[in-house]
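Chain naming here is simple, since letters A, B, ... match the order of the sequence lines and numbering starts at 1 in each.
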Amino acid sequence: MTRPFKRRDFLLMGSAVAGSLLIKSCGGTSDSTSSPSASTSASPVAAGDGIKVGILHSLSGTMAISEKSVVDAEEMAIEEINAAGGVLGKQIVAVKEDGNSDWPTFAEKAKKLIDQDKVVTVFGCWTSASRKAVLPVFESKNHMLWYPVQYEGQECSKNVFYTGAAPNQQIEPSVDWLLEKYKGKPFFLIGSDYVFPRTANTIIKAQLAAKGGKVVGEDYIPLGGTEVTAIISKIKTAMPNGGVIYNSLNGDSNVAFFKQLQGAGLGPDKYPSMSVSIAEEEVKAIGVEYLKGHFAAWNYFQTVTTPASVKFVEAFKKKYGAERVVNDPMECAYNAVYLWKQSVEKAKTADDLDKVRAAALGQTFEAPQGKITMENSHHLSKFVRIGEVGEDGLFKIAYESKAAVKPLPWNQFVKDTKGFGCDWSDPKKGGKYKIS
Amino acid sequence: MLANLLEGLFNGISIGAVLLLAALGLAIVFGLMGVINMAHGELIMLGAYTTFVVQNVFKGLGSPWSDFYILFALIAAFIVTALVGVLLERTVIRFLYGRPLETLLATWGVSLILQQFIRSVSGQFVIGVGLFCALFFGAIAIISRRADYERIQAWAMAILLPLSAAIAFFSSKIAGDAFKLAVTKPWFGTQGVDVTAPKWLRGGLSLGTSTLPYTRLFIIALTIVCLLGIYWFLNKTVWGLRIRSVTQNRGMSACLGIPTQKVDAITFAIGSGLAGVAGVAVALLGSVSSNTGQAYIVDTFMVVVIGGVGKLVGSIMAAGAIGILSYVIGSNAFGPLFSGSPFMTSVVEFFATASMAKVVVFALIVVFLQFRPAGLFPQKGRTVEA
């Protein structure tokens with residue numbers, strides 16, 4: 001039944017198009033009323049001589065859950081800097097792009113930010129997959145990315161500054177702590193099926209083998225999968241008398257895992273778990289009831305009491321609402337903006353990226369987690385903390401490193417990278433050199 | 001050994017029960033009406049979000065009520081998703097009957113809209129879109145009563161559309177500027193929300209060494225109740241009879257005076273409502289976030305296709321089989337059988353991870369469909385060829 005395209009159809013479709021445009025613009029305004037980019041770009045003066053930076057995160061798709069709040073933290077840092085007079089006397093203008101949880105899209109948008117928008121740096125990415133996707137873009141254009149999330153290491157690019165934890169600043173200390181606290185208990189490793197958990201578990205296995213721990217099982221769930229019954233019965237069979245679960249699940253699978261772990265009667269008293277991807281926001285989404293007594297390892301928790309942390313939490317709640325929480329990746333993203341600002345001020349230019357890169361090395365910042373330092377490996381010296389989920393959904397800090405831990409991007413427990421280091425202050429050494 | 005076998009059977013059935021519950025609505029919508037509804041997963045998601053809202057309302061009411069919020073959530077989720085389903089059917093799908101490709105694309109679009117709706121819905125959003133709809137469609141409704149509507153229609157549209165869009169846009173902007181966070185803050189946000197099972201559903205029933213989680217038992221019971229309900233509805237009520245007759249021969253039913261349009265709307269509403277009920281179950285087990293539905297859409301289609309389109313009993317068998325199969329492979333239940341040979345042990349262990357189990361199940365399904373392309377219980381009769 002085909003009929004010619006009539007005026008009525010045109011109007012119908014036209015109204016649909018207009019309606020969806022309206023929806024989009026409304027959604028947009030709800031974001032931009034709070035973002036400095038919109039308010040500054042609206043005034044022609046600022047747009048003319050502002051410094052453009054890119055923000056590249058997933059605002060839609062499966063990773064939007066985590067990345068949206070990182071964008072919030074980055075925008076807050078930019079707003080604070082602008083309110084305090086900007087950088088080199090200029091306002092920062094943020095250009096926001098949506099990576100759509102799709103790795104090729106990330107690469108495309110990175111190109112767009114660099115070529116079309118001519119940003120001087122980009123703050124972005126969350127998953128290792130998205131970072132690996134944009135890496136060739138940043139390297140070929142000799143540009144600059146600030147990556148705010150803990151990751152599996154084994155990478156050290158000249159064009160990336162890693163403000164999250166390397167494995168030796170999160171995974172390794174937490175395994176040591178577990179070995180100490182639960183002497184003689186077996187370990188079961190579970191994770192989502194992609195590069196970070198697989199590499200993390202390789203590291204953990206090597207570390208446990210070196211230190212006398214015992215791994216009785218290892219299993220992976222597809223990213224986003226929620227059917228965990230089989231894994232839970234495997235854990236029960238492998239460790240009938242209790243043991244430690246090391247959890248590197250990411251995203252929605254965590255919710256299913258902890259809800260059903262409790263249903264199966266495996267409580268934190270006999271089966272304590274250590275998670276590396278569960279922070280304050282995730283606790284809220286999973287439900288405190290299911291997580292009480294489990295552990296997580298990070299560099300920063302909202303409950304850290306440094307003056308910078310108190311200020312950070314207060315400012316964030318004031319801007320985005322009292323029920324919002326802050327977490328480690330948000331803190332890392334917030335630090336990244338400030339570290340970039342300091343580097344630009346030291347280099348006295350934002351456009352000459354080689355100068356900014358050189359100036360970034362050795363920068364220190366009184367971050368909410370404590371005083372952090374940008375090392376020559378483009379990674380940060382950071383504090384290591386382990387927290388236990390309490391009644392209120394926040395973490396009780398169970399362990400805290402006394403001093404900042406130096407980063408080791410190349411893992412010393414893995415055979416291929418043992419004995420390698422990374423030093424960008426010396427052109428002869430570069431991204432991977434043999435430590436003699 | 002027997003205890004292990006029983007526990008394995010229970011776990012397999014409980015996986016199957018979730019699959020079946022999620023697929024029931026689709027079995028009706030896709031099976032009976034032939035509509036490929038890609039937004040089915042998002043209807044499940046809406047059910048899960050309804051559970052969250054009901055939970056929070058009942059939390060405010062205090063102790064005796066908050067323990068039983070889940071029962072009210074079931075009813076509320078059914079109603080909410082059924083209404084959304086009717087809206088979807090009346091505004092989109094009814095224009096696309098008999099055009100599966102277009103239906104597929106349109107409902108896929110709807111699923112994306114629903115996902116983004118959950119992420120960005122806020123007071124400001126509702127003011128903007130609500131005002132636009134009220135102004136535009138209200139004005140159209142008033143004008144369409146005039147005798148010369150046909151003549152002025154184009155002009156009216158051309159004026160009304162930008163006018164109501166502009167009013168809606170600016171009033172939402174003003175509201176946003178005036179009330180700031182109170183209106184601009186998203187209701188749910190991109191981050192998932194927590195649904196905590198009431199006290200009596202936490203923990204599990206201990207039987208010897210094994211534990212049967214209460215939530216799983218609840219879901220199995222819920223699935224049985226839903227199945228009985230559907231069976232009763234389709235076979236013992238007037239509307240059920242009409243639905244079955246329209247399914248078998250639409251033209252003849254219409255000739256005999258059955259209001260086929262109404263039947264379509266009701267069938268779709270029930271299918272959608274069941275998705276909402278599945279949403280409540282899913283909220284108890286897993287995460288409630290804007291992409292909850294995505295995790296289930298493939299599995300639900302799988303169940304319906306394997307079972308044989310249009311046959312409820314097929315869906316039941318398929319869900320059970322897939323559940324038991326993925327549990328048995330994923331948990332390495334047959335591991336002990338091969339303990340004699342180290343080679344076989346390593347082979348079995350390679351496949352005994354959750355990701356590989358999924359691969360194996362899909363591979364088996366592909367092989368199965370080679371031999372039985374119409375599923376376990378294919379439709380029989382003359383109507384199939386038509």
Does any part of the side chain of [Y], heavy atoms only, come nearer than 4.5 Å to the side chain of [X], both counted from C-beta?
X: B/R216; Y: A/T229; answer: yes
X: A/E227; Y: B/I15; answer: yes
X: A/K68; Y: B/R119; answer: no

Could you tell me the separation between the [atom1] atom of [X] and the [atom2] atom of [Y], rounded to the nearest 0.5 Å?
X: A/I231; Y: B/Y327; atom1: CD1; atom2: OH; result: 11.5 Å
X: A/Y290; Y: B/R202; atom1: OH; atom2: CZ; result: 6.0 Å
X: B/L201; Y: A/K259; atom1: CG; atom2: NZ; result: 11.5 Å
X: A/Q260; Y: B/T215; atom1: CD; atom2: OG1; result: 6.5 Å
X: A/D193; Y: B/M356; atom1: CG; atom2: CE; result: 9.5 Å

What part of [X] lies closer than 4.5 angstrom to a heavy atom of chain A: side chain, backbone, both or neither?
X: B/A197; answer: both
X: B/V195; answer: both
X: B/L284; answer: backbone
X: B/Y296; answer: side chain
X: B/A283; answer: backbone

Legend entry - chain B contact via A/T226 - which portion, at a heavy-atom distance below 4.5 Å: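 Interface part for A/T226: side chain.
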
Legend entry - Contact origin within A/K284 toward chain B - heavy atom pairs under 4.5 Å: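 The backbone, not the side chain.
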
Legend entry - Cationic N near anionic O, under 4.0 Å, B/E7 to A/K236: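 Result for this pair is yes, salt bridge flagged.
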
I'd like to verify something: which residue of [options] has the highest number of heavy-atom pairs under 4.5 Å with chain B?
options: A/S69, A/P222, A/G267, A/P240; answer: A/P222
options: A/G321, A/A285, A/A256; answer: A/A285
options: A/G265, A/S253, A/G225, A/A264; answer: A/A264
options: A/E282, A/E218, A/K234, A/Q262; answer: A/K234

Counting heavy-atom pairs under 4.5 Å to chain A, which of [options] comes out on top?
options: B/L205, B/L285, B/I127, B/D299; result: B/L285
options: B/G204, B/P213, B/S287, B/A295; result: B/S287
options: B/P186, B/S14, B/G286; result: B/G286

Are more than 12 heavy atoms from other residues, nucleotides or ligands located less than 6.0 Å from atom [atom1] of [X]?
X: B/K59; atom1: NZ; result: yes
X: B/F95; atom1: CZ; result: yes
X: A/E314; atom1: CD; result: no

Legend entry - Minimal non-hydrogen separation, B/G330 against A/D219, with atom names: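 Taking every non-hydrogen atom into account, O-OD2, 4.4 Å.
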
Inset, instruction - Over all heavy atoms of both residues, which pair between A/S233 and B/N11 is shortest? Give the atoms and the distance, please. - result: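 Smallest interatomic distance, heavy atoms only, reads OG-ND2, 4.2 Å.
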
